[in-house]
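Accompanying notes for the structure given below.
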Amino acid sequence: MSADNDISLSTYDETSGSKLARKAKETPFVPIGMAGFAAIVAYGLYKLKSRGDTKMSVHLIHMRVGAQGFVVGAMTVGMLYSMYREYWAKPKP
């Protein structure tokens, strides 16, 4: 193997923790979306026992819509943030 191949394969040597940290730095809104999704699902499960006379299916649909809305919102904000960084905040030569 040549030295060029060793350099290109060095990116595969990172651990899963360091890869997660690197990806979170590159796209910070993905972990925020995942955490928000988990928080909404946990809240929905907590409120499940006190839903009153609401049907189970209606409660689950509302929980799903809320969680999906949060994730789509986080993805949209992340996309706008990355576009801002790439096109407007980039220093001009």
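The figures that follow rest on heavy atoms only: side chains count, while hydrogens, waters and symmetry mates do not. Since the structure is predicted, the reported quantities are computational estimates derived from the model, not experimental observations.
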By side chain to side chain donor-acceptor pair (under 3.5 Å) - contacts of [X] (at least two apart):
| X | value |
| --- | --- |
| Ser16 | none |
| Glu26 | Arg22 |
| Ser57 | none |

Contact list for residues 35-46, test salt bridge (charged side-chain N to carboxylate O under 4.0 Å, His left out), sequence neighbours left out: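 Checked against salt bridge (charged side-chain N to carboxylate O under 4.0 Å, His left out) - neighbours excluded - no pair reaches residues 35-46.
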Pairs satisfying salt bridge (charged side-chain N to carboxylate O under 4.0 Å, His left out), at least one member in residues 32-46, at least two apart: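 Pairs touching residues 32-46 that pass the test: none.
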Inter-residue atom distance Leu60.CG - Arg51.CZ, 0.5 Å rounding: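 If I round to the nearest 0.5 Å, the distance is 8.0 Å.
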For residues 65-85, please give each side-chain donor-acceptor pair under 3.5 Å, one per line with the distance, not counting sequence neighbours.
{"unit_1": "Gln68", "atom_1": "OE1", "unit_2": "Arg64", "atom_2": "NH1", "d": "3.1"}
{"unit_1": "Thr76", "atom_1": "OG1", "unit_2": "Val72", "atom_2": "O", "d": "2.8"}
{"unit_1": "Ser82", "atom_1": "OG", "unit_2": "Gly78", "atom_2": "O", "d": "3.4"}
{"unit_1": "Ser82", "atom_1": "OG", "unit_2": "Met79", "atom_2": "O", "d": "2.9"}

Give every donor-acceptor pair under 3.5 Å between a side-chain atom in residues 32-48 and any protein atom, sequence neighbours left out.
none

ILVMFWY clustering at 4.5 Å (side-chain atoms), partners of Val58: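 Hydrophobic cluster check, Val58: no partners found.
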